[in-house]
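Notes follow the structure.
Below, all heavy atoms of this structure are taken into account, side chains as well, without hydrogens, waters or symmetry copies. Remember, it's a predicted structure, so these values are computed and weren't measured experimentally. Every number for a ligand or one of its atoms is a count from 1 in the order of the listing.
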Amino acid sequence: MAADPSRTPLIAGNWKMHKTAPEAAELARALREALDGAPGVDVVLCPPFTALGAVGEALRGSTLALGAQNLHWEAQGAYTGEISAAMLLDAGCRYVIVGHSERRQFFAETDETVARKVRAALGAGLTPIVCVGERWEEREAGLTHALVKRQVAAALEGIGAEAIAGLAVAYEPVWAIGTGRAATPADAALVIGTIRETVAGLSGAGAAARLRILYGGSVSPANISDFMDAPGVDGALVGGASLKADSFVGIVRAAMAVRA
Ligand code: PGA
């Protein structure tokens, strides 16, 4: 399924555990200066929790949106160290990354907790960016497509077609994250095709056609155009290259140029 011009490309920066609030605000101001009002692309910045307030303030009134990197599935309660969807909404977030492979790998997130988090985010009116992707050993064993299907089906189970159409999925092969070794655009497009087919099977062709599916893993200003050109790729989740204004602006501008 070729990239559909009715799906607005989405470029999200995942700042991971980088930047104090003043540092984050400075980067957000620089990005706002360069990208506010950029037509034809949705830009989302996902700083650490402690910088959400400062970045939200820096972005206020701009077209750049604020996102968080994680949430808890309960609305409130005795969950030391956790943050709820309502808290993120209150902090000005519109998006939240769910099920990033670093959460799955280092913090024991499972398909089940990811599914709960997706439901909590949607219930609060946040747009989840649901991350899926295989490890190198899984790729070598030929399991990529089956694994990604399982992750997508688990994360979206029981969610209505209308809600699914409005969220985003990020295909992030674990071996490509932070390694400088991105997937090939053709490979990413194949897996993204599998994700769209899986969603079509679960929720119907209409929802699948509206769902935005991003690629993530060592995206840079040098390779973003090739990903945006690949069939079915609706944008990118960017880690390392989102930490500097020049590289993130380069990525967003290149994405816009491909779709202009
Ligand atoms: P990377 O990270 O761009 O540094 O590879 C991507 C991600 O983890 O979302």
**OP:** Anything with a heavy atom under 4.0 Å from ligand 1 counts, so go ahead and list those protein residues by chain and number.
**Re:**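 Answer by chain and number: N14, K16, H100, E172, A176, I177, G178, G217, S218, L237, V238, G239, G240.
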Original post:
When you look at CD of E26, are more than 12 heavy atoms from neighbouring residues, nucleotides or ligands closer to it than 6.0 Å?
Top reply: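 Counting other residues, nucleotides and ligands, CD of E26 stays at 12 neighbours or fewer.
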**OP:** Walk me through it: do E157 and L202 pass the test side chain to side chain contact (heavy atoms under 4.5 Å, CB included)?
**Re:** CA-CA 8 Å; E157 199 198 328; L202 290 169; over 6 Å; no
Could you go through residues 58-69 and list every donor-acceptor pair under 3.5 Å that involves a side-chain atom there, pairing it with any protein atom two or more places apart or in another chain?
residue : atom : partner : partner atom : Å
R60     : NH2  : E57     : OE1          : 2.7
S62     : OG   : L59     : O            : 2.7
S62     : OG   : L64     : N            : 3.1
T63     : OG1  : D36     : OD1          : 3.2
T63     : OG1  : G37     : N            : 2.8
Q69     : NE2  : K16     : O            : 3.0
Q69     : NE2  : C46     : O            : 3.0
Q69     : NE2  : P47     : O            : 3.3

Original post:
Same hydrophobic cluster for I164 and V148, using side-chain heavy-atom links shorter than 4.5 Å among ILVMFWY?
Top reply: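 Yes, I164 connects to V148 through the hydrophobic network.
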Original post:
Is E134 salt-bridged to R150, cutoff N-O under 4.0 Å?
Top reply: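 R150 and E134: not salt-bridged.
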Original post:
So W175 and W136, would you call those rings parallel, tilted or perpendicular, with 30° and 60° as cut-offs?
Top reply: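 Ring orientation of W175 relative to W136: perpendicular.
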